[in-house]
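The block underneath contains the structure these notes are about, expressed in C-alpha cells.
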Amino acid sequence: MTGRVVVAGASMGGLRAAEQLRAAGWTGAITVVGDEPHMPYNRPPLSKEVLAGKASFDSLAFTPKAAAADVEWRLGSPVAAARLAERTLDLADGSTLAFDGLVVATGMRPRRLGCPGPTEGRHTVRTLADAQALRDALTRPGVRVVVIGAGFIGCEVAATAVGLGVREVTVVDPLPLPMVGPLGEAPARALLRRHEERGVRFALGTGVAGFEGVGGAEGGEDRVTGVVLSDGRVLPADVVVESVGSVANTEWLDGNRLDLTDGALTDEQLRVGGLPYVVAVGDVARFPNARYDGVPRRVEHWSIPTDTAKHAAKVLTAQLAGFEVCLPAFAPLPTFWSDQHDFRLQSFGAPALGKGDVRVLDGDPDGDRDGDVLFGYHRGGHLVGVVALGGQAAAMGAAKYRAQLLKQPALTA
C-alpha cells in the first residue's frame, strides 16, 4: 500500500491507532501529530501514583510495538485546522500535511469554571505537567484543598491528597452524592461513607459562585484563598482542583460540516461524517454501540482507545485499499476501574444505562462499611453492567459477570 495516514493526536489513542494500522496491513507512511512534547504515556496514574510521588514519567511512557517503529512522530505542534475535502491539515507551527487517510484521536481537555476570581492556585489534572504542578502545591505544609467535582478524577485526587497528609480536603459538587451520575444512588452512598471515614469532607448539593484571593508575591497574579459556594458559604483554600468534566478537542475540525456537538460523531464503523477516509478513536469519538441502544455516546474509559483503534484501523485500511467494509458494527464492552484510598471501583458494561434498577449481587452496602459489595445494573430485565466496590475479591467477582454481559441481547432504544 502507498500513501499516508495522519493520526491527529499523540496520546494513547494515537499510539494504538498507529500500531493497529500496521496490524491491519497498512504498509504506507504513518505520521502522528500531537500537542505535548512527550511520547504517549499512561494517564490514569496522574491522579494517583504520580500525584502521590510513587511513579515517575519514565514508568508511564508506553513502548510502541516493533511493527510501528517506522512511524513518524511530530510532537509539540498540534493540528490547527483541517480541510477534509482537500485531505490536508494545517499544523500550529505553520506547516501543512497532506493525507490519504485520517485518524481523529485528539481526545479531551479539562473543562474550566468561568467563575470570577483569581486563577493562581487553580489546577486541573490531564497532563504530566498538570500532575507535577499539583503535586508541588499539595506537598506544601499545611495546605487546605478544595476539589470541585465529585466524579472519577475529583474523588481520586481527594483520596490521594488525604494520603499525602494534606491538612484539609473538601470536595464540592452540585449533586447530592459523589459519582452518582455513573453509579446510581446506592453505590454512591457507600462511596461517600468510605471517603468520609478516611478524612475527606464534602459540600454536596451546592455549586461554585466564585473565588476569593489575595495579591501574589512581588506584584504577581492574585492567588486563591477561598472558594465561594452558591449557598453563600466560603471554603478556605490554598489549592483548588477543578474536576468538572471534559471538552472534546474538535475545534480543528470546524468548517467541515461535521456533527461536533459532543466529540466527533461517527457511524457504527467509527467513520466520521460519512467519509470513508476519516475515522475517530478514543474518547473524542461519539459512536453508537451496537451492544446497547445504538445511541451515539462518548466513552472516557481506559479501554476505549485500544478497542476503537482495533476496529477503526481495519475499517480505514480496507477503505483505502478500495474494499467494502464487512465488519460487524462496533460493539465494545466498556470497562473501567478507579483506585481511591485503599479500595477500588471496578466496572464492566454500561452501568449508567441501568441506574434505574440497581440490585445488590453480593455483600451488604449498609452493613460492613469496608466490606466488598457487588452491584448489578439492569435495563428491561437485562443485566447491562456490574460495579464492584472494595478489594481484590470484589473486582474478581465483577469480572465473573463479563461473559454474561457479552452474551446479553442488544437493547432497544
Side-chain angles (χ1 to χ4, degrees), residues 47-48 145-163 168-208 227 229-231 233 235 241 243-245 300-301 334-379 383-401 405:
S47 56
K48 301 179 282 289
V145 179
V146 173
V147 179
I148 304 171
F152 289 99
I153 299 299
C155 286
E156 289 175 358
V157 169
T160 303
V162 166
E168 189 175 291
V169 180
T170 305
V171 179
V172 178
D173 199 286
L175 295 177
L177 292 166
M179 293 184 63
V180 69
L183 297 182
E185 186 176 343
R189 280 200 309 268
L191 183 67
L192 174 64
R193 287 197 300 268
R194 294 182 188 227
H195 274 280
E196 288 180 330
E197 289 167 357
R198 289 159 176 79
V200 179
R201 304 179 183 184
F202 286 84
L204 299 170
T206 184
V208 174
V227 177
L229 302 183
S230 56
D231 62 12
R233 288 179 291 166
L235 300 178
V241 182
S243 178
V244 291
E300 297 185 33
H301 299 338
T335 302
F336 75 77
W337 71 90
S338 177
D339 292 319
Q340 302 174 24
H341 301 287
D342 53 355
F343 59 84
R344 167 173 283 198
L345 275 167
Q346 176 75 61
S347 171
F348 295 92
L353 298 183
K355 288 188 301 178
D357 186 2
V358 182
R359 309 172 194 175
V360 178
L361 302 177
D362 193 23
D364 182 2
D366 299 315
D368 181 359
R369 294 189 174 185
D370 281 333
D372 294 342
V373 187
L374 184 62
F375 299 93
Y377 296 74
H378 301 77
R379 182 169 169 180
L383 183 72
V384 295
V386 294
V387 169
L389 176 60
Q392 184 65 27
M396 293 175 63
K400 292 179 181 178
Y401 283 87
L405 291 165

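Both backbone and side-chain heavy atoms feed into the values below; hydrogens, waters and symmetry mates do not. Throughout, residue positions are numbered sequentially from 1 according to the sequence presented.
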Residues which pass ring-ring contact (aromatic ring centres under 6.0 Å, His included) with Phe336, listed by chain and number, not counting sequence neighbours: Phe152, His301
Set of side-chain contact (heavy atoms from CB on, under 4.5 Å) partners for [X], sequence neighbours left out:
X: Leu383; value: His378, Val386, Tyr401, Gln404, Leu405, Gln408
X: Arg233; value: Ala203, Thr206, Leu229, Asp231
X: Glu300; value: Met108, Ser246, Asp283, Arg298
X: Asp342; value: Arg198

Using the test side chain to side chain donor-acceptor pair (under 3.5 Å), find all partners of [X] that sit at least two apart in sequence or belong to another chain.
X: Glu196; value: none
X: Thr160; value: none
X: Lys355; value: none
X: Gln340; value: His195, Ser338

Side-chain donor-acceptor pairs of residues 171-184 under 3.5 Å, sequence neighbours excluded:
{"unit_1": "Asp173", "atom_1": "OD1", "unit_2": "Leu175", "atom_2": "N", "d": "2.8"}
{"unit_1": "Asp173", "atom_1": "OD2", "unit_2": "Ala150", "atom_2": "N", "d": "2.7"}

Quick one: salt bridge (charged side-chain N to carboxylate O under 4.0 Å, His left out) partners of Asp339, sequence neighbours excluded? Arg344
I need the full list of salt bridge (Lys or Arg N to Asp or Glu O under 4.0 Å) pairs touching residues 178-190, with sequence neighbours left out, sorted by first then second residue. Glu185-Arg189
